[in-house]
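One structure is given here, and the rest of the page talks about it.
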There are 2 protein chains.
Amino acid sequence: MEPVPVLLAMTYRALGDQFHDRLRQIGLEPLRPAHGYVFRFLEEKRATTVDIGQHLGVTKQAAAKIANELDEWGYVLKEPHPTDKRAQYVTLTTKGRDYLKLADNLWSDLEAEMAEAIGADTLATVKQGLAAYLRHVRGEDRPGLRPIW
Amino acid sequence: MEPVPVLLAMTYRALGDQFHDRLRQIGLEPLRPAHGYVFRFLEEKRATTVDIGQHLGVTKQAAAKIANELDEWGYVLKEPHPTDKRAQYVTLTTKGRDYLKLADNLWSDLEAEMAEAIGADTLATVKQGLAAYLRHVRGEDRPGLRPIW
DNA sequence: AAGTTTGGACAACTTGGTTGACTACTTTGG
DNA sequence: CCAAAGTAGTCAACCAAGTTGTCCAAACTT
C-alpha cells in the first residue's frame with residue numbers, strides 16, 4: 001500500500017482533474033483551485049487580503065494578486081473597511097456566488113460518485129478521519145490549503 | 001464538514017510540513033517532495049526520465065531537471081539502457097537508498113502518530129478507501145503525483 | 001506624541017514548470 | 001528492407017505563480 005501522502009496527493013489530483021474536465025465541458029472558464037478556495041472562504045466570512053493569504057497559506061502579495069484577478073473578472077469586489085481606512089473587505093458578487101454554487105454542485109456529484117465507488121460509510125470514515133487528524137495536529141488554526149510541491 | 005478536496009489538501013500540507021520540519025531537525029537537507037517520490041519510484045523499478053515524468057505527472061523536461069539535480073547531488077546515477085541506445089536508466093545510489101530509508105522511517109513515525117490520533121482502524125479505512133477510489137477512477141494507470149494548484 | 005505594528009501596493013527576482021525545436025535512435029508497415 | 005512515423009533526451013525561450021524587499025499610510029501601544 002502506498003504511503004499516506006502519496007495516496008492523498010494522487011486522490012487530490014484525480015479529483016481535481018475530473019473537476020477541471022467537467023467545468024470545461026460545461027464551457028465555464030476553469031479558474032484555479034486557489035480561486036475556488038477563496039470563494040468558499042468568502043462565503044463564510046468577510047475577509048481582507050491578508051486573511052485570504054493566511055487561509056491559502058501564501059504571502060499577502062500572492063493573495064492580493066488572486067484577489068485582483070477575481071475582481072477584474074467580476075467575481076468579487078472590494079469595499080472599504082468600516083473602521084480601518086487602510087483595509088478593504090473582499091466580498092463575493094452575484095457572479096461569484098453563482099460560480100460557487102455551480103462548482104459546489106459539481107463537487108457534490110464527484111463526492112457522490114466517490115461514495116458509490118468506495119461505499120458511503122467508507123467515505124464518511126475517510127472524511128471524519130482526516131478532519132480528526134487536522135484537529136489533532138493543528139487545533140483550531142488550519143494549515144494552509146496550498147499543497148507544497 | 002469541509003469538502004473532500006479541501007480535507008485532502010490540508011492533510012497533505014500538514015503532513016508535509018511536519019515531515020519537512022523533522023528532516024531539518026535531523027540536519028538533513030530537505031529535498032522537495034518530487035525528489036522523494038522519485039526515490040520511491042526508483043526503488044521499485046528501473047526507470048527512464050520519461051517514466052519518471054509520467055509518474056510525477058510532469059513533462060519529460062521537468063523530470064529531466066529533477067533527475068539531473070539528484071544526479072548532481074549523488075543520489076542517483078545514470079546508466080546506459082541495455083537495448084535502447086537513446087535511453088538511460090536512472091538508478092539509486094547507496095546515498096539515495098540511505099536517504100530513502102531515513103525518510104521512510106520518518107514517514108512511518110508520522111503515520112504511527114496519525115494512527116494514534118485517529119485510531120489505527122480508521123487510518124486503515126482511510127488508506128483503503130483512497131486506494132480503492134484511485135483504482136476505480138483510474139484503473140491501473142495512476143494519476144500524476146503532482147497536486148495541481 | 002513617539003515608536004511599533006499592520007494592510008496594502010509596487011518592483012525585482014526565483015522557482016519550477018511549460019511549449020517548441022532538434023538530434024539520434026527505434027519501431028512499424030508496405 | 002527501407003521509408004515513415006514515433007520516441008528518449010537535450011537545449012532554449014518563455015511563463016505562471018510564487019517569493020523577498022521596500023515603502024506608505026493608517027492603526028495600535030505605551
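Only heavy atoms go into these numbers, but all of them, side chains included; no hydrogens, no water, no symmetry mates. Just so it is clear: chains get the letters A, B, ... in the order the sequence lines come, proteins before strands, and each one is counted from 1.
If you take NZ of A:K60 and P of C:dA9, they are 10 Å apart, rounded to a whole angstrom. In this structure, A:I52 atom CD1 and C:dG7 atom P are separated by 13 Å, rounded to whole Å. C:dA9 atom P lies 14 Å from atom CD of A:E69, rounded to whole Å. To the nearest angstrom, P of C:dC25 lies 13 Å from CD of B:Q88. Rounded to whole Å, the distance from CZ on B:R146 to P on C:dT15 is 17 Å. Note: CG (B:L31) to P (C:dT15) measures 15 Å, nearest angstrom. If you take NZ of A:K65 and C1' of C:dG8, they are 15 Å apart, rounded to a whole angstrom. As rounded to whole Å, 14 Å separates atom P of C:dA9 from atom CD of A:E72.
Counting only heavy atoms from C-beta outward, the side chains of B:Y89 and B:T48 approach each other to under 4.5 Å. Residues B:Y99 and B:L23 meet the side-chain proximity criterion, which asks for heavy atoms closer than 4.5 Å. Side-chain atoms of B:Y133 and A:L15, non-hydrogen and from C-beta on, do get closer than 4.5 Å to each other.
Between the CG atom of B:L77 and the OG1 atom of B:T93 there is a distance of 6.5 Å, given to the nearest 0.5 Å.
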Considering only distance and modelled atom types, tabulate donor-acceptor pairs under 3.5 Å from the side chains of residues 109-117 of chain B, sequence neighbours left out.
from	atom 1	to	atom 2	distance (Å)
B:E111	OE2	B:K127	NZ	2.7
B:E113	OE1	B:R22	NH2	2.9
B:E113	OE2	B:R22	NH1	2.9
B:E113	OE2	B:R22	NH2	3.3

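Of the side-chain N and O atoms in B:R32, one or more sit less than 4.0 angstrom from OP1 or OP2 of C:dG17. In terms of phosphate contacts, B:T59 brings no side-chain nitrogen or oxygen within less than 4.0 Å of OP1 or OP2 of C:dT19.
Applying the side-chain contact (heavy atoms from CB on, under 4.5 Å) test to B:H35 and every residue at least two apart in sequence or in another chain returns B:L31, B:R32, B:I66, B:E69, B:L70, B:W73.
Each of C:dG17, C:dT19, C:dC25 was ranked by its minimum atom distance to the side chain of B:Q61; first place goes to C:dT19.
No option in B:T49, B:D71, B:N68, B:T91 other than B:N68 meets the side-chain hydrogen bond (donor to acceptor under 3.5 Å, both in side chains) test with B:K78.
Residue B:D51 is the one, among B:D51 and B:W149, whose nearest nucleotide of DNA chain D lies closer to the 5' end (criterion: closest heavy atom). Nearest-nucleotide assignment on DNA chain D puts the 5′-proximal partner with A:I66, out of A:D84 and A:I66.
With a cutoff of under 4.0 Å to any heavy atom of chain B, the contacted region of DNA chain D is bounded 5' to 3' by D:dG6 to D:dG18.
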